[in-house]
Amino acid sequence: MLSREQIQQFNTQGYTRIDDFISEEWLDRLKTQAGKLVDEWVDDSHNHTFSTRDNDRTGNHYFLESGEKICCFFEEDAFDAEGQLVQERSLCINKIGHALHTLDPVFIAFSHQRKLGEIAADLGVQQAQLRQSMYIFKQPRIGGVVNWHQDASFFYTQPQSVITYWFAIEDATLENGCLWVEPGGHKGPLRERFNRDGQTTTMVPLNEQPWPDDKSGLPLEVKAGTLLVFQGLLPHYSAPNHSSKSRQAYTLHVTDGACEYASQNWLQAEKLPPYGFDYP
Ligand code: FE2
């Protein structure tokens, strides 16, 4: 599925891209289904916001239980001082997570397509396990920042194996908060681990390695339909979206069953087994 150049780019830069990976028809289907899930979501407690600003998800039962459910999270700036939504409800949702790929028929069909399994195999994954999915809205005007991080902090395996599929559902630009990466940064160490002990989570620093910034980072402006694939140690971030356009994306996190999945990771497959791409 991947060309030699794409595999080489993944190995040397930590990421690669496939333009026009998703058809117009699938973009519509995914977008419509995500909208439907938001419309049907009834649990709208104001506590269900999502923030990466301080990595404080401690005691957030709703977050911790979302690993094997379909849950919506509000943008951090979705509410005004009086607790009212600042814009239309559908434009206040930060993301849907984290088991779309095993619970929703449209996302199941999309996430388990053969081409994605071939990409994983091209990148050396022996036994792909789909661990997590997210539909990210990056809403107009209030789309929140996602601080620099490495996905391996959340999906720690030995040896490191997690790879991320990042699908642009809409055009991603500097204006609406496209993804930034640090090319080659996957060769550096893992900086921190997000560990869970019961209902408590802690971000444990592992070293003093500094994070990239706007000078060492590279913005990846991509068209709707583009697939970015990146290695779990690649530092990445996205800026807030102050523009009038959303920047919707879908992500999948895949680990290798041939590697040991840490029991301290926040997301454990307790009810749903981590299926491969051959499911269902
Ligand atoms: Fe990430």
Side-chain angles (χ1 to χ4, degrees), residues 10 13-17 50-57 63 66-67 71 73 75-76 94-101 111 116 119-120 123 125 129-138 143-157 160-169 172 176-196 201 203-206 209 211-214 216-222 226-241 247-256 261-262 265-267:
F10 183 89
Q13 306 293 300
Y15 71 97
T16 192
R17 63 189 277 174
F50 186 78
S51 166
T52 70
R53 253 175 230 175
D54 51 8
N55 285 310
D56 180 16
R57 302 170 180 97
F63 169 76
S66 68
C71 297
F73 295 83
E75 291 281 3
E76 207 173 8
N94 170 288
K95 68 171 180 179
I96 313 171
H98 291 94
L100 294 152
H101 64 293
S111 306
L116 297 178
I119 290 169
L123 297 175
V125 178
Q129 296 178 319
L130 277 71
R131 290 278 174 185
Q132 177 187 283
S133 48
M134 289 191 287
Y135 193 94
I136 302 161
F137 290 93
K138 202 76 156 179
V145 63
V146 176
N147 288 331
W148 284 100
H149 66 280
Q150 295 159 296
D151 290 345
S153 296
F154 301 89
F155 299 93
Y156 187 83
T157 67
Q160 137 59 28
S161 67
V162 66
I163 60 172
T164 299
Y165 295 74
W166 193 99
F167 304 92
I169 306 297
N176 68 2
C178 68
L179 200 69
W180 287 64
V181 300
E182 183 195 23
H186 65 303
K187 292 176 180 163
L190 182 65
R191 292 163 173 80
E192 54 194 9
R193 273 183 72 178
F194 185 68
N195 287 345
R196 174 179 183 172
T201 54
M203 190 61 91
V204 182
L206 301 177
Q209 180 81 9
W211 290 105
D213 54 26
D214 287 6
S216 53
L218 175 74
L220 298 177
E221 294 190 282
V222 295
T226 304
L227 166 59
L228 299 171
V229 189
F230 52 91
Q231 209 253 27
L233 289 173
L234 184 75
H236 57 285
Y237 116 105
S238 67
N241 180 11
R247 191 232 63 193
Q248 298 185 17
Y250 178 60
T251 64
L252 278 174
H253 293 90
V254 174
T255 57
D256 191 336
Y261 187 81
N265 288 335
W266 82 272
L267 202 165

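Start at 1 and go down the list; that is how both ligands and their atoms are numbered.
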Peer 1: Indicate, with yes or no, if the rings of Tyr237 and His149 have centres closer together than 6.0 Å.
Peer 2: no
Peer 1: Tell me, please, whether Tyr156 has Arg193 positioned over its six-membered ring: NZ or CZ under 6.0 Å from the ring centre and within 45 degrees of its axis?
Peer 2: yes
Peer 1: Would you mind naming the N, O or S atom of His236 nearest to the Fe ion (ligand 1)?
Peer 2: NE2
Peer 1: Kindly assign one of parallel, tilted or perpendicular to the pair Phe63 and Phe194, based on the angle between their ring planes and the thresholds 30° and 60°.
Peer 2: perpendicular
Peer 1: Which N, O or S atom name in His149 marks its closest approach to the Fe ion (ligand 1)?
Peer 2: NE2
Peer 1: Looking at Phe154, I'd like to know if the NZ or CZ of Arg131 sits under 6.0 Å from its six-membered ring centre while staying within 45 degrees of the ring's axis.
Peer 2: no
Peer 1: Would you mind naming the N, O or S atom of Asp151 nearest to the Fe ion (ligand 1)?
Peer 2: OD1
